[in-house]
Each structure stands twice: as C-alpha cells, then as structure tokens.
Amino acid sequence: MTDTADTTETADRTPGRTRVERYDPTAIEPRWQARWAELGLHDTDLQETSRPKYYLLTMYPYPSGDLHIGHWYIVTPSDALARFRRMHGYNVFFPIGFDAFGLPAENAAIKNGGHPFTWTMKNIENMRRQFRTMGATFSWKHEVVTADPAYYRWNQWLFLRFLERGLAYRQRSAVDWCPNDGTLAREQVEGPERRCWRCGELVEKRDLDQWYLKTTAYADELLSFDGIDWPEPIKIQQTNWIGRSEGAQIDFETAPTDHHEGGASIRVFTTRPDTLFGATFMVLAPEHPLVTELTAPGRRAEVDAYVAQARRRTEIDRLSTDREKTGVAIGADAINPVNGERIPIFIADYVLAGYGTGAIMAVPAHDERDFALATAFGLPIRRVVAAPGTEAGDPMSDAYVAHAADERLVNSGRYDGMGADDGGRAIVAALAERGAAEPTVTYRLRDWLISRQRYWGTPIPVIYCERDGIVPVPDEDLPVLLPETVDYRGRGDNPLNHDAAFLRVTCPRCGEAARRETDTMDTFVDSSWYWFRYLSPDRTDGPVDRAMTDAWTPVDQYTGGAEHAVMHLLYARFWTKAMRDCGLIGEDEPFRRLFNQGQILGADGERMSKSRGNVEDPDELVGRFGADTVRLFLMFMGPWDQGGPWSPTGIGGVHRFLNRVWTLALDPHGREHGDPDAGHLPVGESAADAAAAIRAAAHRTLRDVTEDYDGFRFNTMVAKLMELANTLYRYRGTEAAGDTEWDEAIRLLLLMLAPAAPHITEEIWSRQATGAGRPWTSIHEESWPIVDERAIAVSVHEIPVQINGKLRDRVVVATGADQATIEAAVLASPKVQAALAGRTPDRIIHAGGKLVNLVVRGA
RNA sequence: GCCGAAGUGGCGGAAUGGCAGACGCGGCGGUCUCAAACACCGCUGAGGGCAACCUCGUGUGGGUUCGAAUCCCACCUUCGGCACCA
C-alpha cells in the first residue's frame, strides 16, 4: 500500500481548507448504477396495485449507432420525472425500446455491404450500453425491438384485422421513381432538378398498386381532443392537418364539341357554393382521369407536356401561392349547372388529384389562385360577393376572399339579396333536387399510404393468386419472416422482388402457385402501438394483454420531439381507435398528457446527423464531468421545449454547483480563503435569525422546485437549487452550519436534487448514513418532502412604487397592510415626494399589494 | 408558400399584464499560493455623472392599458412540419 499521509497533508495544507475527499463522479457513478441494477430498484412490477400507476413514455429512439447528446437531452429530464413521481408514491413504468426498422440500416447495407439486421443489432447493443451510463431508470425487462419477428408479427396480425374490417385497402398511386434504384424516399431526391441521390438519374413518377389504411374514417373523431391534455399548438397543427371543410359537391356536365360528345359528369368540391354564379372556368388536376378523354386533338401535345411537367413537381411547390400560376386549356367546355353557361376546362398543377374530387370550379373573383390564372389567360372575372364598401360593378385588382357568414350576395341570378351562407344552401338545395349537387364534408387528411418498396420493414401479409385475387396470409402462418439473406445487387430497388424463395408461395385458398406481396410497412406502423406492447413484450397469443392495457393505459405522460406533432402522433391516435374498434383495447386515446421537448441541433445550428458530421458525443463530457453534471447541464441550458444549437459552454458552472453541494453536505464547518466574512453570520443577524432564514430559503425553494418539476421547467428548477446552495454557502463555517435548520435544508436540497442528479445525491446520502451509524437506504426510495408554509411566511415586505409607470422607490410595509397604510408609507417617501415635485396624484393604483403606481396627469 | 413555434446583456437564459436581466457562462478586480491551477469573495445591460442619481433599453413599426418583454395589428428573421428521414 502506498502511504497516503503526504497527499492528505497536501490537501489539508491550507488552514480551514476542505478536509473531505473530493467529488469524483467517475468513481461514484458506475458503482451506484451497478447497485441499483443489482437491487432491481427500478424494475417495475406491473402486477402491483397497492400504489397508483404512472406510465411515463419517452419516444423510443432509432438505433442510428451512437447515443448522441440529443438522446441525453430527450431522456434525462424524463428520467428525472420518473424518479420525481416515484418519490410521490407512484408505481412508475418507464420503458424503452428501439425503432429498429427503417431506411438508414438499408442505406448502410447498400453502401457498405452487410445486412441491415447486423448493422441494427450492433447499434442497439452499443446504445444499450451507453444508456446505462446515464443512470436512467428504464424497465429493461420490457424492452421492445421492432425488427424482431416477435414484434413485427403483430404488425401483420393487426393489419389483417384492419383488412377484415375494411380499414386496409389497395389503390394505385404514384411514387418517386428512379429507373435504376426504384422507389425513392423524399430525402433521396436531390436538387431542384429532382435527381436520384445514388445514380443522378432524373426522378420520375410511377404509379404502383399500394396499401392504404383508412385514417380518414376517423377524421372527425381525431378532431376531438376531449379527455386529453395536450399543448394547444399541437392540437391546432393536427386540426389543420386534418383540415375539415364543409361544402358541396356539384356536378358540371361537359359540353359537346367536335372531338367529344359531351354529357360526361365532372364533379367538383367547393366550400363556396354561393359563388357558383362566378364560376367562369373549371380546373382539373393534371392527373384527373377525364383529362385524356376530354383533351382536343389539337391540344394533346401541350396537355401531355404539362401533365409530365406537373408530375415532376413536389406538392409543396405545386401548392405554393407565391409561385406564378400555370395551366393549359384542354380544348373542351363544361356547362355551369346554375345558368347553362359554357365555360372552358383547364388543367393546372395547383389542383391536386388527392384532395376533394381532383377538380374545381374556378371563381376568380373570390379565389386568389383562380384570380391569378384568369388574369394570365384573360378569362372573365365575375364578382358574386361584395366586399364591404364596394359595389357590384367596381373593377377588381385582387380576389376578394373572406368568410361566407357575413357577406352579401350580388350578381347571383335569382338569389340576389341573400346572405352568402343562405345563398349557398339555396343553390345546393336547388341543384340537389335534380341530383346535380350534394352537401359534402372534405378533409385535407389523406388515407395513410403504408406500402414501402423496401426490404427492411414488416412484410405486408398478403398473397396474390391468379384465381383468388388478394388472399390474406392465414394467422397461423404468421409471421411472414424477412428472408435471412438479402442481395441488394448494389442497387436501391427492393431486393424482395428478386428473391424467388420469398416470392413463390402457394395460395392458402386454392393451393395453386401464387406470388407474395413484397411491399413492407411504413415504420410509423411500428411506432403506432409500441407502448401497448411494452406491457407484455413476450406474449405469443396476441399483440397485447388486455388486462395489462386496461390497468396501465392510456400513457399518463408522453414526451418527445415536436417534429412528430402531426404524423406519428396522429397515426398513434388513429391506431389506438382502430384497435379499440377491433375490441383489443378499451381506450380512445393513447396519451393522456403530452410534452414536446425541443431539439438539440449541432453546433452549426443544423439537425444532428452523421452525414453532416455535426453529431456531438457525450462520452467525453461524461468522462470529464460525470453523468450527473451532463444531466443537470442539459436541464439547465434552457426551457426543455425549446432545444437549440449545442454548446457545452457553461457546463463548468453546473459541475461547480455539484461540487458546492458536495462540500455543503459533507463539510459544513469548513472555510475557504477569499471571503473576508468567512465564519461570521451576516451583520446584525442572530443565530436564531440565521436559522429562520435558512429554513425559509429551504422551504421556499421546495415549494418552487416542486412546481417546476410538475411543469417541466427544469432550467428554473436547477437555478433555484443553485440559489439555495448559494444561500447555504453564506452560512457555511458559521455557528448556523450544522444546526437543526441547516441539516433540514441540506436534506431538502439533496432530496430535491435526487431526481436530476441521482448519483451524487445517493453517494452523499450513503456517506451521511455511514457517518451517523445508520444502515444504508436509497435516497431514491425516500418520499418527496412537504412544504412548511409557516417557515416561508414573512412579516414585512417591500413594495415597489411607480409614478406614471416608472419605478421611483421601494417602501417596506407590514404584510397584509391595508391600502391607506400603504399609501401613507408611499407618500412619506422622500424620493416619491421629490419625484412628485408638489403635484398630487390623480389616481393611485394598488396592484394586489405587490406594487403601487401613482398616476399624475399633465407632465 | 401553407400550418405551428421562437426572437430579451458579449453568450445560454429569467420574468407571460406590475421592480427587465433570476441562475449560469464569459469578463474585470481581489483572497489564498513562490507561482499557476483549483477554491472562495466582490463587481459586471448601454450612455451620462465625483456622487446621490438621471436617461435609454426586450427583432421592426403601430395600437390597447394607470402600467406591455408579456395582450392586439402589420412586417422582418430563425427553427419544426408539409404525408417515403425517423
């Protein structure tokens, strides 16, 4: 053994210098992590019912390879919350898993060879190991890996139930297509020319038969957020995404021409049937099925070229209102059903095939895009609704777009003089009588396209038979396993299409040779029900355990990135409702409360990704400062819902704070050089004053910190703990240190800090027990302390005084003093008198005993 | 472009109708040290003043109010989403 006398002497060489061992997180943290695991301190017993349940869910990660600082940012405040709730007596379930299917694994395999499975599992292994260094209290026994057949077979099983109920269907729709690499994801289409990321070929559209889920069947139910406590902006975004529009479908008949006999029906959707008299042309989506049939031979070339061009554009581009409007007349006319007028038919890319009926009546007077197109083509613009202060004949420089409810109809044939809403109803009713219109609700929400032409996903369990058509794979044949070997042939298209052993099957109905579906499912399918599976991950007789889901769901608190505001969070709601309708679960909503944390960006302000090379590895920081410092720093950085570019600047301050807590708790009587007042109570303060001040500070902090944890305000929570530590530091080494109030304050400080910095608090707790000769118990099994309001109560307080809204002085008054007393104190202030300069206040505003404002008229 | 969010010291941020800048970083000064580091103490929005103090100040412009960083209107900038990244 080395003689340690020297080093002890060195550490102690300055008088009054700290005598305790230094805070060394690297020695402490792994020890406690092992101890917690050994004791199973945080393995949730889902069968236990003696305590209320609390299901805390954090969005499971994609196994991209390494745990970066963004994962810590997402997980560690959630873990603090889990620990906080446990201290409140809840049986907390805080599971974790991996969203293991998806494009990156496949890209890695195409690029570097190997198998997506190998790549994914290696990453998961690594991330599991890194997760443990956080000290996060995950219920690892309930882990779910979506690429495991034990999970994805239930995607298949659930798909088949949806198919039985008519919630899944097949329809032809377009994908971005590269002739060499097959279907491309949006991120694989590059540049304004839209080229393939791998081979550089121009991307085209290809129509494929694909599988959809009927999300629109639940559109109205998804618009209701009853019974769930979600942030308002998220509810607004989902509401707008669903985009319910009430209006009418109206049939226009085509007029006979040289090349077309007429009489074909074009159904349009409009939210403004009252403006039908102003329809001066029609616009079809370039993809509309009637385009080919109606196009005049002389217009064919131009129309075909326009259609081809439109199909290459993105929807964002097509719908952009500031882009110049383009369109082509197809050389056919339609008849306006209200007045028999012949109006020309156009195609234009701002009309989408997938919204409404894929065709509109164009009313340039009252729609900006129609106005732009009418102006470009010199088409008539006929006003139907008068803007306030305008007359029917006034020239229009712009479309007048407003709400029907408070408008007056003009120029509307026999409906003149009606309000716009009534006019619309009247027009629809009249047309409906002859079967040419019907009131309709349309949604912007589209059904969910779940087909992916890729290997690394859940195989869609259907078989195509020449005789029996689409045949579901029988339940007893599930799972349809992905073949173990995969040959990408150095290309991007779906290797399942070239795997004969996978493709060739016999029809489950007739036994004849048939072909297996090669599309796999969107990974959002996996994430649409994983929290149910966490409750019974090993179950083999069904996707969920009904007794478990009844007891534990809905999830009490879900946390995750705001980037999932619409897609994942809407799919999850849809899936829950669909499972409910299949009788599998009993709830309408998946997540009772939602919190969307912000995103940590790279130092360059961009999203962290390996390809950008801006991924921040926390291991170095954890090695230098310890997990507790990194956890606390991430919470302290700013509001959790904000995120922002990563910078470790300032982490030293958080580390210093933990050191100060260590010193306060383990060496309360020590003194440091540098403080001229060290060892003395503040001037004019007795030991009793000091004790009361310490107690008040501790309980005020407890009150505020409890509210901050509850409201996810972790940054101010840490700031208030720092303030308390600063207050206690002023009393360190004085006679107040170590007295009853001091010990209570230290105890509260440790308990409040325990959820956020679990290792250092556990270590101090254990040392204190040892020092006092008590047996060890974990700080994480303690109850959250109770605020003593009497300790916080004050007898006098300071009131700021303003004159005309400008701060002039502060006066001290007794707590609870009446307005007359306060006014007397205010007017007695020399500063106030000086500022008044002989004037008398016209008004005196008392802001609830918190502030006084004297209003003086005339400068 | 459309939907949602955010703009406050040199920096991260606090205050969501009532004292702008809590807490922390950085900077400056000091104690300790042979010295440095660590630790500790003090100061630190800008401008003016010897000082007491005064003036200005929360992206820009307007408005509501006794009082606005906070509420309303318009605009600018940045971030998230826009249906095959997850």
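Letters go in sequence order (proteins before strands), and every chain restarts at 1.
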Nucleotide [N], atom [atom2] - distance to [atom1] of [X] in whole Å:
| X | N | atom1 | atom2 | answer |
| --- | --- | --- | --- | --- |
| A:Arg313 | B:G1 | CZ | C1' | 13 Å |
| A:Tyr60 | B:A86 | OH | P | 11 Å |
| A:Gln597 | B:G80 | CD | P | 15 Å |
| A:Leu807 | B:A69 | CG | P | 14 Å |
| A:Met635 | B:G13 | CE | C1' | 17 Å |
| A:His797 | B:G18 | NE2 | C1' | 13 Å |

Per the ring-ring contact (aromatic ring centres under 6.0 Å, His included) rule, which among A:Trp529, A:Phe524, A:Tyr218, A:Trp241 passes with A:Tyr571?
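Output: one option passes, namely A:Phe524.
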Regarding [X], tell me which of base, sugar-phosphate or nothing describes its non-hydrogen contacts under 4.0 Å with the strands shown.
| X | answer |
| --- | --- |
| A:Val654 | nothing |
| A:Lys720 | nothing |
| A:Leu445 | base |
| A:Glu723 | sugar-phosphate |
| A:Arg656 | sugar-phosphate |
| A:Gln642 | sugar-phosphate |
| A:Tyr62 | sugar-phosphate |
| A:Gly674 | base |
| A:Lys831 | sugar-phosphate |

If you assign A:Asp641 and A:Glu563 each to the RNA chain B nucleotide with the nearest heavy atom, which residue ends up on the more 5' nucleotide?
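Of the two residues, A:Asp641 wins.
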Assign each of A:Ala562 and A:Val852 the nucleotide of RNA chain B bearing its closest heavy atom; nearer the 5' end lies the nucleotide of A:Val852
In whole Å, measure the gap between the [atom1] atoms of [N] and [M] for me.
| N | M | atom1 | answer |
| --- | --- | --- | --- |
| B:A39 | B:U33 | C1' | 12 Å |
| B:C53 | B:C34 | P | 43 Å |
| B:A68 | B:G63 | P | 13 Å |
| B:U64 | B:A69 | P | 16 Å |
| B:G49 | B:U55 | P | 16 Å |

Query raised in the report: Would a line drawn from the ring center of A:Phe636 to the ring center of A:Phe657 be shorter than 6.0 Å?
Result: no
Looking at the rings of A:Phe595 and A:Trp640, which for Trp means the six-membered one, are their centres under 6.0 Å apart?
yes
Short side-chain N/O contact to [N] OP1/OP2 from [X], under 4.0 Å:
| X | N | result |
| --- | --- | --- |
| A:Lys806 | B:A68 | no |
| A:Asn659 | B:A39 | no |
| A:Arg808 | B:C54 | yes |
| A:Asn240 | B:C82 | no |

Could you tell me whether the side chain of [X] has a donor or acceptor atom within less than 3.5 Å of a complementary atom in the base of [N]?
| X | N | answer |
| --- | --- | --- |
| A:Arg671 | B:C40 | no |
| A:Asn853 | B:C66 | yes |
| A:Gln238 | B:G4 | no |
| A:Arg810 | B:C19 | yes |

Of the options [options], whose atoms approach the side-chain atoms of [X] most closely?
| X | options | result |
| --- | --- | --- |
| A:Gln237 | B:C40, B:G80, B:C32 | B:G80 |
| A:Phe636 | B:C84, B:G18, B:G24 | B:G24 |
| A:Glu187 | B:C84, B:C85, B:G26 | B:C85 |
| A:Gln210 | B:C84, B:C23, B:G80 | B:C84 |
| A:Gln802 | B:C82, B:U31, B:A20 | B:A20 |
| A:Tyr729 | B:G13, B:C66, B:C41 | B:C41 |

Establish, from distance only, whether the side-chain atoms of A:Ser527 and A:Asp99 form a donor-acceptor pair under 3.5 Å.
no
- Query: Strictly by modelled atom types, are A:Gln210 and A:Ser451 linked by a side-chain donor-acceptor pair under 3.5 Å?
  - Reply: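 No pair is found: no donor N or O on one side chain lies under 3.5 Å from an acceptor on the other.
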Quiz item: Does a side-chain N-to-carboxylate-O contact under 4.0 Å join A:Asp181 and A:Arg198?
Solution: yes
_Contiguous pairing runs of three or more, Watson-Crick or G-U under 3.5 Å, that involve RNA chain B_ =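 Stem list for RNA chain B: B:1-7 with B:76-82, B:10-12 with B:23-25, B:26-31 with B:39-44, B:45-48 with B:53-56, B:59-63 with B:71-75.
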